Participant: 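One structure follows; several queries about it will come next.
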Amino acid sequence: GMFVAVKKLDTISSAKEVEALEHEMKIIARTQHANIVRLVATSLQPETFLVMELFGRGSLFDQLHGREEPSRLSPQLQIKLATEIAKGLF
C-alpha cells in the first residue's frame, strides 16, 4: 500500500477553469523529481481533489520551522532550499 495526502481545492465554476486545471495536472503528473511529491490522482467532479504521495517527514514548513523543536536544517541548507524552490517557480 501507499500513504497519500488528499488536498481539496476551491470549487471550479467554468469550463475554462476545468480545462486549465486538467492541462496543469497532466504536466504535474509527468513531472518526476526527487524533491517533488508525485501526483497520484485527481477528481474534478463533484468536488475538486488532488491525491499526492505522502511526504513522510512532514511538510516543508515543518522541515524549516520544526514541529516542536527547532529545525534540524542548517541556515545554509534553508537558503539553498529557498533558492532551488524559487528557481523551480520560473
Side-chain angles (χ1 to χ4, degrees):
M2 167 193 296
F3 289 101
V4 296
V6 178
K7 180 176 184 175
K8 182 180 178 192
L9 302 177
D10 291 333
T11 303
I12 296 174
S13 57
S14 73
K16 188 174 183 177
E17 289 176 321
V18 170
E19 185 179 325
L21 181 63
E22 287 175 341
H23 178 72
E24 189 172 340
M25 292 303 101
K26 287 177 185 176
I27 292 169
I28 291 171
R30 289 190 304 240
T31 303
Q32 294 184 357
H33 189 278
N35 296 329
I36 299 176
V37 294
R38 189 169 54 94
L39 179 65
V40 177
T42 59
S43 170
L44 299 177
Q45 298 294 330
E47 296 182 86
T48 307
F49 292 96
L50 301 180
V51 180
M52 298 165 285
E53 68 180 336
L54 183 64
F55 182 66
R57 292 179 281 179
S59 68
L60 177 59
F61 183 89
D62 293 336
Q63 294 300 311
L64 293 175
H65 302 286
R67 290 184 188 175
E68 295 178 10
E69 73 258 2
S71 175
R72 295 179 296 229
L73 302 177
S74 71
Q76 293 84 6
L77 183 54
Q78 291 183 30
I79 291 170
K80 181 177 187 230
L81 285 170
T83 303
E84 293 298 318
I85 290 167
K87 286 179 185 176
L89 294 174
F90 296 102

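Hydrogens, waters and symmetry mates play no part in the numbers below; they use all other heavy atoms, side chains included. Only a predicted model underlies this, so the values are computations on that prediction, with no experimental measurement involved.
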Participant: If you round to the nearest 0.5 Å, how far is NZ of Lys26 from NE2 of His23?
Facilitator: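 Answer for the NE2-NZ pair, His23 versus Lys26, is 8.5 Å.
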
Participant: Tell me every residue that passes side-chain contact (heavy atoms from CB on, under 4.5 Å) with Glu17, counting only those two or more places apart in sequence or in another chain.
Facilitator: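 In terms of side-chain contact (heavy atoms from CB on, under 4.5 Å), with neighbours along the sequence ignored, Glu17 is linked to Ile12, Ser13, Ser14.
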
Participant: Is the side chain of Glu53 donor-acceptor paired with the backbone N or O of Val4 at a distance under 3.5 Å, no angle test?
Facilitator: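 No, the answer is negative, given that no donor and acceptor are paired below the 3.5 Å cut-off.
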
Participant: Please round to the nearest 0.5 Å and tell me the distance separating atom NZ of Lys8 and atom OG of Ser43.
Facilitator: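 The NZ atom of Lys8 sits 11.0 Å away from the OG atom of Ser43.
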
Participant: Does the pair Leu21 and Thr48 meet the rule for a side-chain contact (heavy atoms from CB on, under 4.5 Å), with working shown?
Facilitator: CA-CA 10 Å; Leu21 181 63; Thr48 307; 3.6 Å; yes

Participant: If you count the non-hydrogen atoms of other residues, nucleotides and ligands that lie under 6.0 Å from CD in Glu24, is the total more than 12?
Facilitator: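 Atom CD in Glu24 is not packed in, count stays at 12 or less.
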
Participant: Measuring from Glu84:CD to Ile79:CD1, what's the distance to the nearest 0.5 Å?
Facilitator: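 It comes to 13.0 Å.
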
Participant: Assess whether side-chain contact (heavy atoms from CB on, under 4.5 Å) is satisfied between Leu50 and Leu9, documenting all intermediate values.
Facilitator: CA-CA 8 Å; Leu50 301 180; Leu9 302 177; 3.9 Å; yes

Participant: Could you pull out the closest heavy-atom pair between Val40 and Met52, with the gap in Å?
Facilitator: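 Heavy atoms of Val40 and Met52 come nearest at CG2-C, 4.0 Å.
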
